[in-house]
Amino acid sequence: MRHHLKGIALAGLTSVAALFSSAANAVEIEYWQYFFDARVEAMETLIENFEAANPDITVKMTHFPYADYRTKVAAAIPAGEGPDVVQLFYGWLNDYKEAELIQPLPAETFPPATIDEEFFPMVAAMKEGDNYWALPTAVRSLALFYNTRLFDEAGVESPPETLDELIEVAKKLTKFDGAGNITQVGITAGMTAQDHHWFREVLVRQMGGDPYQDDYKTVSYNTEAGQKALDFYMSLVKEHKVSAFLFMDEPQAAFKAGRAGMHIDGSFRIGSLENTRGLKWGVAELPAGPDGTKSNYSSYWVNAITTKAEGEKYDASVKFMQYITSDEAMQIWLDTVGELPAKPSVGMTEANASNEVFGPFIRGLAYAHTTKFANESAQRQVLMDMVSRVDIEGQSSADSIAAAAAEEQKILDDYYAE
Amino acid sequence: MTLYRNLTIKQKQIVWAWAFLALPVLFYTIIRFYPTGTAFVISFQNWNLLGSRTWAGLENYRELWNDPVFWKVFKNTFAYLLIGTPVSLVLSFIIAYHLDKLRFMHSFLRMLYFLPFMTSAVAMAWVWRWFYQGVPIGLFNNILASFGIAQIEFLNSTTNALPAVLAPAIWAGLGFQVIIFMAGLRAIPTSYYEAAKIDGVGWATVLTQITLPLLKPTMVFIVVFSSIGFLRIFDHVFNMTTNNPGGPLNATKPLVLMIYDTAFNGFNMGYAAAQTVVLFTILLVVSLIQLRLLRSE
């Protein structure tokens with residue numbers, strides 16, 4: 001009897017001890033991202049897999065509407081609340097670093113040399129000094145969407161591969177009413193959507209220029225190449241009349257409505273086009289320049305460890321970062337969200353790179369550039385105004401691009417002066 | 001407690017009055033005055049919402065003074081005010097004046113005029129934005145095209161865009177002003193009109209000698225109310241030009257939109273706060289002038 005009691009007491013003690021020890025090992029870290037259905041769903045899968053592999057770590061995800069995101073993160077971290085691992089737009093990295101909201105990734109676990117080698121080249125923008133500060137799970141790039149029904153109707157067999165072909169094909173796809181007003185555009189145009197990226201990183205480079213220098217701190221598209229790029233862009237509307245600015249209000253709306261033969265947009269558009277009834281479309285790589293130069297623009301959201309994470313939470317955060325930048329995580333992200341893997345080892349697999357829809361985007365990543373914006377919306381505005389001045393006010397392209405370069409330089413100077 | 005007991009009734013009343021007033025006073029101090037004060041302070045600082053605030057002195061105001069966009073925006077803001085207020089005043093008076101005389105389907109028509117006021121500005125702005133498009137989707141341009149008339153660029157134009165954006169904003173506020181005017185018209189004693197009838201005075205004299213003078217308080221109220229509305233115009237402009245906010249070439253940008261853009265796209269809080277202080281000053285001056293007009297009554 002006594003032995004029996006002793007046994008129970010012992011068992012009780014050990015179980016209590018076990019309870020305490022497991023409680024001591026369990027670490028909970030917080031992950032924040034902005035709310036977008038598919039992203040949240042993908043992250044839930046990733047967290048589930050991660051927790052299964054690391055039973056002593058739990059990850060709590062919080063998400064906010066995009067509009068509140070920056071404010072909430074900024075208020076929470078200095079107060080010791082908020083996330084241990086946070087998702088942010090690549091363009092915000094500098095602000096977050098300066099404000100000491102994030103800390104560098106440890107070089108032992110994330111050796112810069114290995115990352116340089118393993119990730120697509122534009123990710124190098126996240127390296128500062130001897131460390132990477134943040135890493136993406138997925139990236140986005142541009143491609144040429146085309147309406148296969150309109151192509152068939154016009155007897156066009158394949159999407160254009162060069163800028164000259166682009167204009168020829170667009171001419172076949174454009175329709176006018178009796179008064180000469182465009183009722184269907186060959187290709188959409190409007191700096192309001194993705195065209196400002198196409199202009200900066202693609203057209204200027206294809207005309208032999210370099211849009212920026214000095215790590216994107218100096219504007220250098222006010223050159224002959226830049227003018228050629230602007231002239232080409234304006235010729236779509238003015239000379240060749242294969243497009244109209246703001247046709248049907250928004251380029252993507254015109255394409256969705258089947259009133260545009262071609263449309264340049266990002267990989268994030270795939271989801272909404274897939275859900276459009278009656279629209280048949282294909283994707284091709286962006287047309288090459290006159291000398292065969294290919295270029296593309298890539299943007300991405302990155303994950304970083306905040307300065308709030310310390311001790312075992314820091315260790316857990318590092319492990320979590322390792323998992324969400326792994327090949328497995330990237331494939332899950334591609335399958336769930338439709339965003340492209342950030343590493344060639346995942347992106348360039350036979351199945352992914354030859355995928356009808358994702359393929360052209362992924363192939364574009366190999367030669368993509370990432371603009372380091374100081375203030376993306378203000379810099380976009382500069383290019384919109386540049387086109388408006390030529391379009392509405394009849395300014396010469398040389399004067400307009402010179403004014404745009406000066407304006408954008410001022411934005412960059414103000415930003416980097418602080 | 002004895003302290004309270006020793007007070008006179010008058011003093012006790014004051015104590016109680018303040019006890020009840022404490023709540024709204026506290027509310028206003030925390031919700032209104034404190035943030036307003038902070039905005040003034042931030043206007044002398046640099047702050048990107050993430051890092052710490054640093055003192056900038058008058059730099060933000062100096063930058064504002066030298067910013068061509070600000071002066072363009074300043075002009076636009078007053079264009080909204082100076083076109084919007086008189087046009088809506090005249091329109092709403094004409095409608096109210098005739099509606100007041102009408103008996104047939106009076107309530108139904110009044111409801112129709114009031115309906116836009118109850119509609120969400122965002123929904124309205126988007127519908128009008130599509131009305132303004134070119135062929136094949138724009139309502140107005142489709143009508144023009146069917147008569148063989150050349151297209152009009154409503155929004156993608158530096159001259160037409162501001163009136164085009166202002167029109168639905170005026171239309172939206174019309175219903176409210178019509179109702180106020182009708183209330184004002186009803187408040188005029190009928191004995192004046194009867195006297196005028198006996199004297200055999202024409203309608204123009206009745207209008208200028210009786211109706212309009214007696215409507216002055218109503219008109220001052222509507223002018224003050226709609227001026228503040230037009231000076232703060234934002235939702236219509238923002239929603240009709242989301243892709244190129246305040247564009248093209250800042251042709252439609254009002255001050256509030258510039259503040260929003262500086263604060264929440266540029267994250268330049270100090271500069272945005274300086275703009276807010278300027279807007280505050282404008283609103284204050286305009287309201288003071290109008291209040292003075294009211295007092296002379």
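So you know, we letter chains A, B, ... as the sequences are listed, proteins then strands, and number each from 1. Predicted model only: the values in this text are computed from it and were never measured.
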> Non-hydrogen atoms of chain B under 4.5 Å away: do they reach the side chain of S388(A), the backbone, both or neither?
Replying inline: both

> Are a donor atom and an acceptor atom from the side chains of Q381(A) and N244(B) found within less than 3.5 Å of each other?
Replying inline: yes

> When only pairs under 4.5 Å are counted, which of D249(A), N181(A), L101(A), D95(A) shares the most heavy-atom pairs with chain B?
Replying inline: D249(A)

> Who among E153(B), Q151(B), E63(B) has the most heavy-atom pairs with chain A under 4.5 Å?
Replying inline: Q151(B)

>> Quick check on E393(A) against chain B: is it the side chain, the backbone, both or neither that has a heavy atom closer than 4.5 Å?
In response: side chain

>> So for F247(A), is it side chain, backbone, both, or neither that comes closer than 4.5 Å to the heavy atoms of chain B?
In response: side chain

> For K171(A), does the NZ atom have more than 12 heavy-atom neighbours from other residues, nucleotides or ligands under 6.0 Å away?
Replying inline: yes

> What distance separates I392(A) CD1 from N156(B) CG, expressed to the nearest 0.5 Å?
Replying inline: 4.0 Å

>> So for L49(B), is it side chain, backbone, both, or neither that comes closer than 4.5 Å to the heavy atoms of chain A?
In response: both

>> Atom CZ of residue position R53(B) - does it have more than 12 heavy atoms of other residues, nucleotides or ligands inside 6.0 Å?
In response: yes

> Does any heavy atom of chain B fall under 4.5 Å from the side chain of M384(A), the backbone, both, or neither of them?
Replying inline: side chain

>> Given heavy-atom pairs under 4.5 angstrom as the criterion, report whether the side chain, backbone, both or neither of S157(B) touches chain A.
In response: backbone

> Is atom CZ of F36(A) surrounded by more than 12 heavy atoms (other residues, nucleotides or ligands) closer than 6.0 Å?
Replying inline: no

> More than 12 non-hydrogen atoms from neighbouring residues, nucleotides or ligands closer than 6.0 Å to CD on E100(A), yes or no?
Replying inline: no

>> Which atoms of L246(A) are under 4.5 Å from chain B, going by heavy atoms: the side chain, the backbone, both sets, or neither?
In response: both

> Atom OH in Y415(A), atom CG in N48(B): separation rounded to 0.5 Å?
Replying inline: 7.5 Å

>> Tell me whether Y34(B) at atom OH has more than 12 heavy atoms from other residues, nucleotides or ligands lying less than 6.0 Å away.
In response: no

> For F114(B), does the CZ atom have more than 12 heavy-atom neighbours from other residues, nucleotides or ligands under 6.0 Å away?
Replying inline: yes

> Which region of Y132(B), side chain (C-beta onward) or backbone (N, CA, C, O), has a non-hydrogen atom less than 4.5 Å from a non-hydrogen atom of chain A, or is it both or neither?
Replying inline: neither

> Between I182(A) and chain B, which part of the residue has a heavy atom less than 4.5 Å away: side chain, backbone, both or neither?
Replying inline: backbone

>> Counting only non-hydrogen atoms closer than 4.5 Å, does R389(A) touch chain B with its backbone (N, CA, C, O), its side chain (CB onward), both, or neither?
In response: both

> By a 4.5 Å heavy-atom criterion (distance strictly below it), what part of N141(B) contacts chain A: side chain, backbone, both, or neither?
Replying inline: neither

>> Take a 6.0 Å sphere around CH2 of W71(B) and say whether it holds more than 12 heavy atoms from other residues, nucleotides or ligands.
In response: yes

> Quick check: are there more than 12 heavy atoms from other residues, nucleotides or ligands sitting under 6.0 Å from OH of Y113(B)?
Replying inline: no

> Would you say P136(B) and Q184(A) make side-chain contact, with heavy atoms under 4.5 Å?
Replying inline: no

> Do you know the tightest heavy-atom contact between M248(A) and Q133(B)?
Replying inline: C-OE1, 4.1 Å

